[in-house]
Amino acid sequence: MSKWNAWVLTKKGQALYAKVDAGKTKLVLTKMALGDGAPSDLENCTELNNKVIDMNVTSIAVENETTCTVEAELNTTALTDTLVVAEWGLYADDPDEGEILLGIATDSEPDKVEPTGGVAAYEQTMSMTLVTSAAANMTVNIDPSAFATMGALNDSLKASEDKLVAQIPTKTSDLINDSRFVAADAAGNVTVAGNLTAAKVYNAVYNDYAEFFPRGGETQAGDIIALDESGEGERYVRATEKSRCVVGVHSEDFAQIIGGAGAEPGENILKKNLPDFIPVALAGRVLVRFTGEAKAGAYVAPSGLPGVGRMASGPGDQSVGRIVEDKAGGKELRLVKILVGRS
């Protein structure tokens with residue numbers, strides 16, 4: 001367990017306190033830091049003997065006219081090796097010197113903090129109490145309980161290892177709703193912070209890969225989509241036999257979609273994007289609105305009806321894919337399954 005020695009105000013710190021007590025400046029604390037060195041002449045120190053990690057000051061609570069409590073957080077993601085916490089410094093801004101080491105304390109029985117390997121941030125709040133009086137009697141008092149939890153920090157890190165692994169759901173693990181990693185809502189929608197890498201993905205019951213294309217007009221599921229060649233900018237509309245740039249089929253049963261506007265956790269990405277974007281299937285099997293004879297293996301191209309397909313004679317003719325099953329019918333509109341893909 002830690003055994004911190006008396007906190008020492010450095011000579012630069014004493015000079016700054018004199019300026020503060022004289023009303024020449026304010027005491028502006030900038031950060032704390034931890035190191036694993038063993039300085040000998042603390043009063044003359046201008047830096048930790050071997051500083052390892054900086055800590056941001058998170059709050060300063062004024063207790064009375066002469067006392068305030070300062071808190072900072074230790075974030076373990078910055079650690080690459082085991083930290084032996086042997087020295088602790090507090091820094092402040094001097095109007096004449098810049099940032100200085102205000103005070104320093106050393107630990108004769110230092111605890112260790114193990115790195116988390118970049119898996120997750122573990123934050124430990126530490127606090128100290130500053131007391132200012134007359135210039136001839138300035139002291140800095142440390143709250144001994146601040147580092148009494150250093151051993152508990154390591155215990156917490158070890159205890160949290162299983163939880164950190166469980167943040168990424170597997171077939172046998174429970175999903176932990178930690179917003180640093182993943183979040184799940186009541187409907188079962190999962191949002192992952194960062195990149196998701198998987199060797200294999202199963203149970204995608206839908207059949208196509210889609211992208212949100214900028215909307216240029218009203219469309220519905222099954223419509224063949226093409227670039228709007230009559231307007232300015234990039235917009236997409238229902239395709240016709242005159243379209244020269246057919247891109248895919250409007251699909252709302254996609255297995256995966258890219259593009260569009262991002263959604264908040266729990267928000268339906270399709271409903272959010274439909275007013276401004278068309279979900280267009282680019283690969284896979286989809287249902288397309290169709291008229292006329294439909295034979296398996298035949299190519300599909302836009303007809304004279306906006307968004308509606310017809311059987312084409314070959315891969316040209318702005319074909320959008322190939323029919324995968326025979327579908328009896330005449331000129332009435334119906335849905336026909338195709339393997340979407342530009343030829």
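Quick caveat, the model's predicted, so the values are computed rather than measured.
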Asker: Do you reckon Val320 sits in the same ILVMFWY cluster as Leu339, going by side-chain contacts under 4.5 Å, direct or chained?
Answerer: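 No, because Val320 and Leu339 fall into different hydrophobic clusters, even though each may have its own neighbours under 4.5 Å.
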Asker: Would you check if Val52 and Asp81 make a side-chain contact, meaning some heavy-atom pair closer than 4.5 Å?
Answerer: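 Result no, sub-4.5 Å side-chain heavy-atom pair not found.
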Asker: Would you sort out whether Glu99 and Lys31 count as a salt bridge (charged side-chain N to carboxylate O under 4.0 Å, His left out), showing the intermediate values?
Answerer: CA-CA 10 Å; Glu99 187 176 67; Lys31 66 183 180 184; 3.5 Å; yes
Asker: Looking at Arg285, I want to see if its CZ is surrounded by more than 12 non-hydrogen atoms of other residues, nucleotides or ligands under 6.0 Å.
Answerer: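 Result for CZ/Arg285: open.
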Asker: Measuring only between side-chain heavy atoms, which start at C-beta, is Leu27 closer than 4.5 Å to Tyr17?
Answerer: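 Result yes, sub-4.5 Å side-chain heavy-atom pair found.
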Asker: Test Asp228 against Ser230 for side chain to side chain donor-acceptor pair (under 3.5 Å), laying out the working first.
Answerer: CA-CA 6 Å; Asp228 181 5; Ser230 65; 2.7 Å; yes
Asker: Determine, using the 4.5 Å side-chain heavy-atom cutoff (strictly less than), whether Leu29 and Trp7 are members of one ILVMFWY cluster.
Answerer: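 The answer is yes; both residues are in one hydrophobic cluster.
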Asker: Using 0.5 Å steps for rounding, measure from the OG1 atom of Thr30 to the CD1 atom of Ile100.
Answerer: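 It comes to 9.0 Å.
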Asker: Around atom CD of Glu43, are there more than 12 heavy atoms from other residues, nucleotides or ligands closer than 6.0 Å?
Answerer: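 Counting neighbours around CD of Glu43, more than 12 heavy atoms of other residues, nucleotides or ligands fall under 6.0 Å, so yes.
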Asker: Do Val336 and Met311 belong to the same hydrophobic cluster, where Ile, Leu, Val, Met, Phe, Trp and Tyr are linked whenever their side-chain heavy atoms lie under 4.5 Å apart, directly or via other members?
Answerer: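 Yes, one cluster joins them.
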Asker: Within a strict 4.5 Å, meaning less than it, do heavy atoms of the Leu48 and Tyr91 side chains meet?
Answerer: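 Touching, per the 4.5 Å side-chain cut-off.
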Asker: Please walk me through it: do Ile224 and Val300 pass side chain to side chain contact (heavy atoms under 4.5 Å, CB included)?
Answerer: CA-CA 10 Å; Ile224 299 175; Val300 177; 4.3 Å; yes
Asker: With a 4.5 Å heavy-atom cut-off, do Pro279 and His250 have their side chains touching?
Answerer: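 The answer is yes; the side chains approach within 4.5 Å.
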Asker: Of all heavy-atom pairs between Ala210 and Phe254, which one has the smallest distance, and what is that distance?
Answerer: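 Of all heavy-atom pairs spanning Ala210 and Phe254, the closest is CB-CB, 3.9 Å.
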Asker: Applying a strict under-4.5 Å side-chain criterion to I, L, V, M, F, W and Y, I'd like to know whether Val288 and Val308 cluster together.
Answerer: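 No, no single cluster joins them.
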Asker: For Gly292, does its backbone N or O pair with a side-chain atom of Arg334 as donor and acceptor, under 3.5 Å?
Answerer: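 Confirmed, Arg334 side chain pairs with Gly292 backbone.
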Asker: Please tell me if the side chains of Asn50 and Pro39 come closer than 4.5 Å, counting only heavy atoms from C-beta onward.
Answerer: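 Answer no - side chains too far apart.
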Asker: Please round to the nearest 0.5 Å and tell me the distance separating atom OG1 of Thr240 and atom CD of Gln318.
Answerer: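 Taking OG1 in Thr240 and CD in Gln318, the distance rounds to 10.5 Å.
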Asker: Testing the basics here: between Glu267 and Lys272, what is the closest heavy-atom pair and its distance to 0.1 Å?
Answerer: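 Nearest pair, atom of Glu267 first, then Lys272: OE2-CD, 3.5 Å.
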Asker: As an exercise, state the distance from OH of Tyr236 to CD of Glu229, rounded to the nearest 0.5 Å.
Answerer: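 With rounding to 0.5 Å, OH (Tyr236) is 10.5 Å from CD (Glu229).
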Asker: If only atom types and distance count, is the side chain of Thr291 paired as donor or acceptor with the main-chain N or O of Lys331 below 3.5 Å?
Answerer: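 Answer holds: yes.
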Asker: Over all heavy atoms of both residues, which pair between Leu16 and Ala92 is shortest? Give the atoms and the distance, please.
Answerer: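 For Leu16 versus Ala92, the nearest heavy atoms are CD2-CB, 3.7 Å.
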Asker: Set out, in order, the CA-CA distance, both residues' side-chain angles and the distance that settles side chain to side chain contact (heavy atoms under 4.5 Å, CB included) for Leu282 and Val340, then state yes or no.
Answerer: CA-CA 6 Å; Leu282 304 175; Val340 68; over 6 Å; no
Asker: CG of Leu9 to CG of Leu42: how many Å apart, nearest 0.5 Å?
Answerer: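 Output value for this atom pair is 11.5 Å.
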Asker: Once rounded to the nearest 0.5 Å, what's the spacing between atom CE of Met32 and atom CE of Met55?
Answerer: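 Separation between the atoms: 6.0 Å.
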Asker: What do the steps show when you test Ile257 against Leu270 for side chain to side chain contact (heavy atoms under 4.5 Å, CB included), and what is the final call?
Answerer: CA-CA 10 Å; Ile257 192 163; Leu270 184 59; 5.7 Å; no
Asker: Is it the case that the side chain of Glu87 and the backbone of Gly37 share a donor-acceptor pair, with hydrogens and angles ignored and the cut-off at 3.5 Å?
Answerer: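 Looks like yes, one N/O pair under 3.5 Å.
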Asker: Evaluate the side chain to side chain contact (heavy atoms under 4.5 Å, CB included) criterion for residues Thr10 and Thr46: first the C-alpha distance (whole Å), next the side-chain angles of each, then the deciding distance (0.1 Å), finally the verdict.
Answerer: CA-CA 7 Å; Thr10 66; Thr46 57; over 6 Å; no
Asker: Can you tell if the side chain of Leu34 reaches within under 4.5 Å of the side chain of Val113, non-hydrogen atoms only?
Answerer: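 A side-chain contact is absent here, since even the closest heavy-atom pair is not under 4.5 Å.
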Asker: Tell me the closest heavy-atom pair linking Lys51 and Ala33, and the distance in Å.
Answerer: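 Lys51 and Ala33 have their closest heavy atoms at CD-CB, 3.5 Å.
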Asker: With Arg215 as the cation and Phe277 as the aromatic partner, state whether NZ or CZ is under 6.0 Å from the six-membered ring centre and within 45° of the axis.
Answerer: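 Because its charged atom misses either the 6.0 Å distance or the 45° angle limit, Arg215 does not stack over Phe277.
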Asker: Keeping the roles fixed (side chain from Asp36, backbone from Ala86), state whether a donor-acceptor pair exists under 3.5 Å.
Answerer: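 Such a contact is absent between Asp36 side chain and Ala86 backbone.
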Asker: Counting only heavy atoms from other residues, nucleotides and ligands, does the tally under 6.0 Å from NZ of Lys19 exceed 12?
Answerer: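 More than 12 heavy atoms, drawn from other residues, nucleotides or ligands, come within 6.0 Å of this atom.
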Asker: Of the non-hydrogen atoms in Val286 and Ala281, which two are nearest, and what is the gap between them?
Answerer: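 Looking at all heavy atoms of both residues, the shortest contact is CG1-CB, 3.5 Å.
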Asker: Do the side chains of Ile53 and Leu102 join up, straight or via other hydrophobic residues, at under 4.5 Å, putting them in one cluster?
Answerer: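 Same cluster: Ile53 reaches Leu102 through Ile, Leu, Val, Met, Phe, Trp or Tyr contacts under 4.5 Å.
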Asker: Is the number of heavy atoms from other residues, nucleotides or ligands within 6.0 Å of NZ (Lys327) greater than 12?
Answerer: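 No.
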Asker: Is there a side-chain contact between Lys12 and Asp94 in this structure, where contact means two heavy atoms from C-beta onward sitting under 4.5 Å apart?
Answerer: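 In short, these two side chains do not touch, never coming nearer than 4.5 Å.
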Asker: Treating Arg289 as the side-chain partner and Asp223 as the backbone partner, does any N or O pair qualify as donor plus acceptor under 3.5 Å?
Answerer: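 Answer holds: no.
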Asker: Does the side chain of Ser40 reach to within under 4.5 Å of the side chain of Asn49, using non-hydrogen atoms?
Answerer: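 The answer is no, as the side chains (C-beta and beyond) never meet within the 4.5 Å cut-off.
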Asker: When you measure from the side chain of Arg310 to the backbone of Pro302, do you find a donor-acceptor pair of N or O atoms at a distance under 3.5 Å?
Answerer: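 The answer is yes, because a donor-acceptor pair under 3.5 Å joins these two groups.
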Asker: Return the CZ to CG distance between Arg238 and Leu305, rounded to the nearest 0.5 Å.
Answerer: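 Taking CZ in Arg238 and CG in Leu305, the distance rounds to 10.5 Å.
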